[in-house]
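What follows is a short report on a single structure.
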Amino acid sequence: MEIDSGTQLSRRKLFSYSVAEFPMSMASAPVSLFIPAFYTQDLGLGMAMVGAILMLSRLWDVVTDPLIGYLSDRTKTRIGRRKPWIMASVPIVMISIYFLFFPDDDVNEAYLLVSIMALWIGWTLFNIPYFAWGAELSSSYSERTRITGWRTAAGLLGTLVAISIPAISQELFGWGGRSGEMIYMIGIAVLFLTPVMVLPSLVIVPERRDFVPARMDIIAGLKIMWSNGPFRRLLFAFVFSSLATALSSPLFVIFVTHVIGDPTAAPRVVLGYFAGNLLGIPFWVWLSHRTDKHITWLCSITLMGLMFPQFLWLGTGDALLATFLLFVVGIGGGNLAVVPASMKADVIDLDSLESGEDRAGLFFAAWSTATKLVAALGVGISLPALAFMGFDPGTVNDPERVFSLRAWFSLVPVMFYLASAALIVGYPINRSRHAEIRTALRDR
């Protein structure tokens with residue numbers, strides 16, 4: 001059985017493919033939101049050192065991401081070229097999550113570094129083949145947005161469940177609001193659900209067989225990729241918009257603790273963001289079917305750029321208002337989780353026309369590397385910057401230092417949203433241009 005890349009996928013196949021993202025997102029949310037606070041506030045590691053470790057550990061991805069993408073494009077087995085890598089990733093992800101989420105009390109910096117690096121490697125083995133596979137499931141301009149929409153919705157549901165578990169526990173039992181408690185509950189759920197939810201995609205969803213194998217060496221392939229002007233533009237626009245989020249995410253729990261003044265409110269407040277993500281996805285998918293994808297991107301960036309400065313006015317007891325602001329920001333974020341990935345698949349078509357090969361793995365590897373470096377820069381810049389300004393998450397800070405936290409969280413992201421918008425205005429691969437590319441590919 002093979003995928004016909006020109007037709008609409010059945011809901012059964014869409015669900016089976018997308019559900020694998022559920023447990024991965026369950027784990028990724030606490031890694032970005034709660035691990036920095038857990039290892040600094042709860043376990044006592046230095047904030048600057050934790051920021052440096054989380055940043056430096058991602059540098060290894062500069063090597064592993066292109067390598068896995070390159071090898072994935074060249075893999076040929078009876079079950080496909082993407083599935084073997086996904087199967088290999090599951091035990092690595094589970095073992096590394098166990099050690100990262102359930103550390104001993106006397107944990108040190110080396111322990112954090114090894115655990116987080118192992119997790120990055122496991123996620124690389126999963127994400128690059130998995131997303132490349134998604135791009136290959138359809139050649140349709142609109143159907144690709146439908147696929148990324150389903151996958152993103154599954155991931156957001158995983159994130160919402162991850163956040164809801166400690167939030168509900170906190171409300172019912174008074175336990176689960178602190179970073180260590182949240183990490184513990186989410187970790188147990190992820191370890192159980194990962195093998196259960198990855199299996200349907202491997203069993204039910206077939207891979208394409210009508211691809212042109214990649215043959216050129218990795219250096220030549222990267223040169224052709226870099227010469228792809230729309231890809232460069234799309235990549236940098238995504239980097240800037242992602243950096244806006246990455247600079248604020250590691251400070252979220254710290255912001256709630258020291259600005260809003262409630263160290264147990266984080267899971268309830270962050271639910272607003274992911275609920276907005278989930279509710280926004282159907283709207284952005286609908287809008288992208290009726291206009292060009294980059295237009296919807298500009299709309300979402302505008303919305304997020306207008307909302308972030310409002311966090312500057314929050315103070316003690318404003319948990320409900322923070323939840324509402326995050327909800328609106330999350331609606332815009334739902335677009336950035338769906339549409340850029342769909343646009344990336346369109347760019348890969350242009351590369352296939354120019355290179356004569358199907359190299360989705362290498363493109364997703366470059367994208368993944370950039371995304372991970374952005375996440376590393378976010379935590380590697382924000383935590384040391386606050387430490388430099390004299391802010392200490394382990395103590396009571398004076399109003400001036402609390403304002404420095406509030407200002408960084410609220411205003412710095414806006415600059416990067418503006419940079420992203422400047423790049424995406426007039427993006428060249430719209431619906432009509434993509435139709436021309438697909439016609440040329442068929443004629444070839």
Side-chain angles (χ1 to χ4, degrees), residues 25-38 40-42 155-186 189 244-280 303-304 306-334 336-337 378-379 382-383 386 391 393 397 402-403 405-414:
S25 293
M26 277 194 75
S28 64
V31 168
S32 62
L33 292 172
F34 305 141
I35 285 293
F38 178 46
T40 55
Q41 293 184 165
D42 292 34
L156 287 171
L157 282 172
T159 301
L160 281 170
V161 170
I163 305 301
S164 298
I165 291 172
I168 293 171
S169 177
Q170 172 68 18
E171 287 295 322
L172 296 179
F173 309 111
W175 188 89
R178 298 185 181 275
S179 298
E181 298 164 354
M182 288 185 280
I183 291 291
Y184 180 83
M185 287 188 285
I186 295 170
T245 303
L247 288 167
S248 58
S249 293
L251 305 179
F252 171 72
V253 175
I254 298 171
F255 183 90
V256 171
T257 300
H258 293 271
V259 174
I260 295 178
D262 185 354
T264 68
R268 301 192 302 274
V269 174
V270 79
L271 275 175
Y273 177 80
F274 293 110
N277 269 188
L278 190 60
L279 293 176
L303 179 63
M304 299 172 79
L306 289 173
M307 285 297 104
F308 253 98
Q310 311 312 316
F311 287 95
L312 188 65
W313 315 114
L314 298 185
T316 302
D318 286 337
L320 186 60
L321 181 56
T323 303
F324 171 75
L325 292 176
L326 278 176
F327 173 78
V328 179
V329 170
I331 291 175
L336 298 182
V379 70
S382 288
L383 295 181
L386 281 184
F391 186 90
N397 294 268
V402 173
F403 180 79
L405 167 63
R406 184 188 289 114
W408 183 279
F409 186 90
S410 307
L411 301 179
V412 172
V414 178

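Keep in mind that the numbers below use all heavy atoms, side chains included, and drop hydrogens, waters and symmetry copies.
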- Applying ring-ring contact (aromatic ring centres under 6.0 Å, His included) to F311 and not counting sequence neighbours gives F308, F409
- Task: Would you sort out whether M26 and T159 count as a side-chain contact (heavy atoms from CB on, under 4.5 Å), showing the intermediate values?
- Result: CA-CA 5 Å; M26 277 194 75; T159 301; over 6 Å; no
- Task: Apply the test side-chain contact (heavy atoms from CB on, under 4.5 Å) to residues L411 and R406: give CA-CA distance (whole Å), side-chain angles for both, the deciding distance (0.1 Å), then the verdict.
- Result: CA-CA 8 Å; L411 301 179; R406 184 188 289 114; over 6 Å; no
- Checking S410 side chain against L312 main chain: does a donor-acceptor pair fall under 3.5 Å? yes
- Item | Residue that, paired with L251, satisfies side chain to side chain contact (heavy atoms under 4.5 Å, CB included) out of V256, L386, V259 | L386
- Query: Nearest heavy-atom pair of G155 and S25: which atoms, and what distance?
  - Reply: O-CB, 3.0 Å
Using a 3.5 Å cut-off and no angle test, enumerate the donor-acceptor pairs between side-chain atoms of residues 313-334 and protein atoms at least two apart in sequence or in another chain.
| unit_1 | atom_1 | unit_2 | atom_2 | d |
| --- | --- | --- | --- | --- |
| D318 | OD2 | G315 | N | 2.8 |
| T323 | OG1 | A319 | O | 2.8 |

- Flag side-chain contact, heavy atom, 4.5 Å: M304 against L336: yes
- Value rounded to 0.5 Å, distance of CG in L405 from CZ in F391: 4.5 Å
- Item | Which residues share a side chain to side chain donor-acceptor pair (under 3.5 Å) with S382, sequence neighbours left out | W408
